[in-house]
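Numbering of residues begins at 1 and proceeds along the displayed sequence.
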Amino acid sequence: MAMLVLRMVLLAAAIAPIGAPADARDDGRYANSPLKGWFESLHSRGGGPCCADADGTALDDVDWDTSNGHYRVRIQGEWIQVPDDTVITEPNRIGRTIVWPYYVNGRALIRCFMPGSMT
């Protein structure tokens, strides 16, 4: 089941235009996913919903790490420091690292980040 959710996240990321803001809308195709409600409930500590205006993207272990006590992610070949208030601290139900980027003037910013387990 976790692989199904991961595939949905990856598909959504592949379809979303890269480098341009996009309004993510739930068209109902994932209505029966057991993790749908959980994904929709995720919020950053700043209070913003993770899935509101950005699609989550699963990251490979080589595309995220920690530096000076903070997470950082590689998006489109560029390392970006993850703001502390965007880190989701509740248990990760799918195990994979996920970042929810959004773009302003072509620059990637982080709406939410959920670390996985580096293996």
Side-chain angles (χ1 to χ4, degrees):
M1 186 51 64
M3 289 305 295
L4 176 62
V5 172
L6 176 60
R7 286 181 186 153
M8 290 185 300
V9 170
L10 292 174
L11 176 63
I15 293 171
I18 297 178
D23 290 334
R25 298 286 179 245
D26 179 8
D27 63 6
R29 80 178 87 175
Y30 305 120
N32 295 322
S33 169
L35 294 179
K36 181 182 184 330
W38 175 71
F39 271 112
E40 290 176 344
S41 74
L42 296 175
H43 285 73
S44 68
R45 285 185 299 216
C50 296
C51 296
D53 296 319
D55 291 323
T57 301
L59 297 175
D60 292 326
D61 288 346
V62 298
D63 291 323
W64 72 283
D65 66 9
T66 58
S67 177
N68 298 320
H70 301 279
Y71 291 107
R72 65 184 193 143
V73 297
R74 183 170 34 203
I75 298 175
Q76 298 179 337
E78 179 183 349
W79 284 101
I80 301 167
Q81 185 162 331
V82 174
D84 291 338
D85 65 350
T86 67
V87 177
I88 305 298
T89 57
E90 73 175 75
N92 183 333
R93 293 187 185 179
I94 65 167
R96 295 287 312 269
T97 301
I98 300 180
V99 63
W100 285 264
Y102 67 101
Y103 299 87
V104 175
N105 297 324
R107 182 173 163 235
L109 302 172
I110 308 301
R111 179 175 310 282
C112 296
F113 173 77
M114 178 173 279
S117 58
M118 295 181 97
T119 55

Exercise. How many angstroms lie between CD1 in I80 and CZ in F113, if you round to the nearest 0.5 Å?
Worked result: 11.5 Å

Exercise. Which atoms form the tightest heavy-atom contact between T97 and G116, and what is the distance?
Worked result: OG1-N, 2.8 Å

Exercise. What pair of heavy atoms forms the shortest contact from G56 to I98, and how long is it?
Worked result: CA-CG2, 3.9 Å

Seminar exercise, completed: Sorted by chain and number, sequence neighbours left out, side-chain hydrogen bond (donor to acceptor under 3.5 Å, both in side chains) with W38 holds for E90

Exercise. Mind checking what makes side-chain hydrogen bond (donor to acceptor under 3.5 Å, both in side chains) contact with D63, not counting sequence neighbours?
Worked result: R74

For this session: Would you sort out whether R96 and D60 count as a salt bridge (Lys or Arg N to Asp or Glu O under 4.0 Å), showing the intermediate values?
Result: CA-CA 8 Å; R96 295 287 312 269; D60 292 326; 3.4 Å; yes

For this session: Check side-chain contact (heavy atoms from CB on, under 4.5 Å) between P83 and all other residues, then give those that pass, not counting sequence neighbours.
Result: D85, T86, I110

For this session: Quick one: list whatever passes side-chain hydrogen bond (donor to acceptor under 3.5 Å, both in side chains) with R45, sequence neighbours left out.
Result: none

For this session: State, to 0.1 Å, how close W64 and Y71 come at their nearest heavy-atom pair, and which atoms those are.
Result: CZ3-CE2, 3.6 Å

Seminar exercise, completed: Contacts satisfying disulfide bond (SG atoms under 2.5 Å apart) that involve residues 68-117 (not counting sequence neighbours) are C50-C112

Exercise. How long is the span from the CZ atom in R93 to the CG atom in L42, to the nearest 0.5 Å?
Worked result: 8.5 Å

For this session: Please name all residues satisfying side-chain hydrogen bond (donor to acceptor under 3.5 Å, both in side chains) with H43, sequence neighbours left out, ordered by chain then number.
Result: none

Exercise. Given side chains that start at C-beta, do those of I94 and F39 come closer than 4.5 Å, heavy atoms only?
Worked result: yes

For this session: Determine, step by step, whether V82 and H70 satisfy the side chain to side chain contact (heavy atoms under 4.5 Å, CB included) criterion, reporting the C-alpha distance in whole Å, the side-chain angles of both residues, the deciding distance to 0.1 Å, and the verdict.
Result: CA-CA 7 Å; V82 174; H70 301 279; over 6 Å; no

For this session: Please lay out, stage by stage, how R107 and Y102 fare under the test side chain to side chain contact (heavy atoms under 4.5 Å, CB included).
Result: CA-CA 8 Å; R107 182 173 163 235; Y102 67 101; over 6 Å; no

Exercise. Looking at CD1 of I88 and OG of S41, how far apart are the two atoms once the value is rounded to the nearest 0.5 Å?
Worked result: 9.0 Å

For this session: With R111 as the cation and W100 as the aromatic partner, state whether NZ or CZ is under 6.0 Å from the six-membered ring centre and within 45° of the axis.
Result: no

